[in-house]
Amino acid sequence: MRFDPWNPDFVASPYAVYDELRREAPVSFFEPTGQWLIARHADVNALLRDRRLGRSYLHLATHEEFGREPEPDFQEPFWRVIRAGMLDVEPPVHTRLRRLVSKAFTPRMVESMRPRVRAIVEGLVDDFVEKGGGDLIAEVAEPLPVTVIAEMLGVPDADRHLLRPWSADICGMYELNPSQEAQHTAVRAASEFSDYLKGLARARRAAPGEDLISALAQIEELTEDELVGTCVLLLNAGHEATVNVTGNGWWSLFRNPSELVRLREDLSLLPTAVEELMRYDTPLQMFERWVLEDIEVGGVAIPKGVEIALLFGSANRDPEVFDRPDALDVGRADNPHISFGAGIHFCLGAPLARIELVESFGALLTRAPDIALVEEPEWNPGYIIRGLRSLDVSCG
Ligand code: HEM
C-alpha cells in the first residue's frame with residue numbers, strides 16, 4: 001500500500017506505510033495534493049516551531065503575490081469565520097487573540113473544572129451501564145466534551161444539539177481535496193454557526209452571565225468577526241479530537257487486552273495511559289503549514305510558496321524517539337508525542353482535554369468493569385480527523 005488518504009484501508013491502518021516513509025522517503029512530494037510529506041518526529045517537531053513556516057501566508061502577501069489561486073467567492077463566509085480565529089492567523093494577531101482567551105485555559109483554571117467534568121461523565125456512564133452499553137462514541141465520548149465546552153462558553157442547553165453537526169460540516173473542509181458538496185456544506189455550516197453566535201453574543205452583551213462568551217463580548221478590542229471566529233474554534237477544537245481519542249483509545253485497549261487489564265488494576269496509570277493512547281492512535285493525523293521562506297528539510301530543498309504536510313501519526317511511531325513504538329504501553333514514562341502540536345499554536349485546550357480524558361477513561365474503567373467490544377468498528381472516511389464511526393460495546 002502507498003500513502004493514500006482517500007483509501008479506507010489506508011485510513012484504517014496507516015502505520016506500515018508511515019514506517020516505510022520514515023525509512024525510505026522521510027521528505028517526499030505527494031502529487032495529488034502538491035504537498036511535501038514530512039514523516040520523521042525530529043523534522044515534524046522542528047518544523048512546528050520554525051517561524052519560516054505558517055498556518056497562513058496572508059499576513060505577508062496576497063494569494064496572488066504568494067503565487068496561489070484565491071479561493072472561490074462562495075467560500076468567503078467560511079474563511080471569514082476561520083481566519084478570525086487564532087489557529088489560522090500568525091503573529092502579531094495570533095499573539096493578541098491567544099492572550100485574550102488563554103487565561104480561561106490555564107492548568108489551574110481547568111483544574112477547578114474537574115469536579116464538574118467528573119459529575120458529567122459519571123452521569124453519562126451510569127446511564128450507559130444501566131442500559132447494558134451501546135455506542136460508546138454517541139453516548140459518552142461525544143456528549144462529555146461537547147457539554148463541557150458548551151457550558152464553559154455559555155451555549156444554552158437547548159441549543160447544544162446544533163454544535164456537533166455544525167462542527168462536523170466545517171471540519172469537512174479540512175480533509176484533503178474536499179468535494180464540491182463538502183465545501184458547500186462547510187460554507188453553509190460556517191454561516192449558520194456565525195449567525196447563531198452573533199445573536200448569542202448580542203444577548204450576553206446586554207445581559208452578561210458568568211460564561212466565556214459574556215466575558216469575550218465585553219472586550220472592546222475584539223471585533224465581531226474575531227469573537228465569532230474564537231467561539232467557533234473553541235467549540236469545534238474543544239470536542240472533535242477528544243471524541244476521537246476516546247473512541248480510538250478504547251479500540252486500542254480492546255486490541256491490547258493485557259494493557260486494559262493492567263490499567264484497570266492500577267488506575268494510577270491513567271495519566272500516562274491517556275498520553276500513550278494519544279500517541280498510539282493519533283486523532284489528528286496531519287497538520288499543514290505554508291512555506292514562507294525557502295527551507296531545507298533532511299537535505300531536500302523546499303521552496304517558498306508550497307505547502308508541507310506534517311504526519312503526526314508517523315512522528316508518534318518514530319523508533320528514533322520511542323522505544324518499541326508499535327507497542328501500546330499504558331505506563332510509558334518517556335512520551336514526547338506530538339499530538340497536541342508544538343510551537344506557537346500548541347493546543348490551548350491540552351490541560352482541559354487531559355482532564356476530560358482521564359475522567360472519562362477512569363469512570364468507564366471503574367463503573368463498567370465488564371465493558372467488552374460487541375463488533376469490530378468502522379472508521380469514518382476522514383483521514384486528517386481520524387476516528388471511529390461508532391464503537392458498540394456491552395457493559396455487564
Ligand atoms: C485530545 C484532544 C485534543 C487534541 C489532540 C488537540 C490537538 C491540537 C493540535 C495538534 C493543535 C495545533 C494545530 C497546529 O499546530 O496546526 C491544537 C490547537 C488548538 N486547540 Fe486543541 N486539541 C485537543 C483538544 C482541545 C480542547 C479540549 C480545546 C478546548 C478549548 C482545544 C483548543 C485548541 C485551540 C484554541 C487551538 C489553537 C491554538 C493556537 O492556534 O494558538 N483543543 N489542538
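One-based numbering, in listed order, for ligands and for the atoms of each. Values below: all heavy atoms of this structure, side chains included; hydrogens, waters and symmetry mates excluded.
- The closest side-chain donor-acceptor pair between D281 and Y15 falls under 3.5 angstrom.
- For the 3.5 Å distance criterion, the side chains of H41 and E320 fail to qualify, holding no donor opposite an acceptor.
- Classification of the F287-F312 ring pair by plane angle, with boundaries at 30° and 60°, yields tilted.
- Residue contacts with ligand 1: E288 is excluded, as none of its non-hydrogen atoms falls under 4.0 Å.
- Here H345 has heavy atoms under 4.0 Å from ligand 1 in both its backbone and its side chain.
- A salt bridge links D225 with R80; the closest basic N to acidic carboxylate O contact falls under 4.0 Å.
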Using the rule given for side chain to side chain donor-acceptor pair (under 3.5 Å), can you reason through N316 versus S339, listing the C-alpha separation, both sets of side-chain angles and the distance that settles it, and then say yes or no?
CA-CA 8 Å; N316 280 341; S339 303; 3.0 Å; yes
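- Linking ILVMFWY residues whenever their side-chain heavy atoms come closer than 4.5 Å, directly or via other members, leaves I38 and F322 in distinct clusters.
- Each of the following atoms of ligand 1 lies closer than 4.0 Å to a heavy atom of F312: 10 (C).
- Of all protein heavy atoms, the one lying nearest to atom 1 (C) of ligand 1 is V245 CG2, 3.5 Å.
- Under the 4.5 Å side-chain heavy-atom criterion for grouping Ile, Leu, Val, Met, Phe, Trp and Tyr, M109 is not connected to V117 through any hydrophobic cluster.
- With sequence neighbours left out, L348 forms a side chain to side chain contact (heavy atoms under 4.5 Å, CB included) with M86, R98, V101, S102, F105, L234.
- With a 4.0 Å heavy-atom cut-off, ligand 1 is reached by the backbone of T242 and by its side chain too.
- The protein heavy-atom contact nearest to atom 38 (C) of ligand 1 is R98 NH1, 3.4 Å.
- Among residues at least two apart or in separate chains, side-chain hydrogen bond (donor to acceptor under 3.5 Å, both in side chains) pairs with a member in residues 137-159 are R116-E151, K131-E139, E142-R164, D157-R160, D159-Y196.
- Using a 4.0 Å cut-off between heavy atoms, H239 makes no contact with ligand 1 at all.
- E226 is listed as a side-chain neighbour of R96, based on a closest heavy-atom distance under 4.5 Å.
- The shell of residues lying under 4.0 angstrom from ligand 1, judged by heavy atoms, includes I344.
- There is no path of hydrophobic side-chain contacts, each under 4.5 Å, that joins V297 to W290.
- The nearest protein atom to atom 30 (C) of ligand 1, hydrogens excluded, is given as F105 CE2, 3.3 Å; this is a heavy-atom distance.
- Residue pairs satisfying the side-chain hydrogen bond (donor to acceptor under 3.5 Å, both in side chains) criterion with at least one member in residues 205-219, sequence neighbours excluded, are listed as follows: R204-D211, D211-S214.
- Only protein N, O or S atoms were considered, and those under 2.8 Å from atom 21 (Fe) of ligand 1 are C347 SG.
- Of the heavy atoms in V101, none comes closer than 4.0 Å to ligand 1.
- Of all protein heavy atoms, the one lying nearest to atom 14 (C) of ligand 1 is R289 NH2, 3.4 Å.
- Residue, atom and distance of the protein heavy atom nearest to atom 5 (C) of ligand 1 are S339 O, 3.5 Å.
- A heavy-atom separation below 4.0 Å is not found between M152 and ligand 1.
- Interface atoms of ligand 1 facing H94, defined by a heavy-atom separation under 4.0 Å, are 39 (C), 40 (O), 41 (O).
- Taking every heavy atom of L234 and a limit of under 4.0 angstrom, the matching atoms of ligand 1 come to 30 (C), 35 (C).
- Among all protein heavy atoms, the one lying closest to atom 13 (C) of ligand 1 is F287 CE2, 3.4 Å.
- Looking at R22 and D43, no side-chain N of the basic residue comes within less than 4.0 Å of a carboxylate O on the acidic one, giving no salt bridge.
- With a 6.0 Å radius and a threshold of 12 heavy atoms from other residues, nucleotides or ligands, R2 has its CZ atom at or below the threshold.
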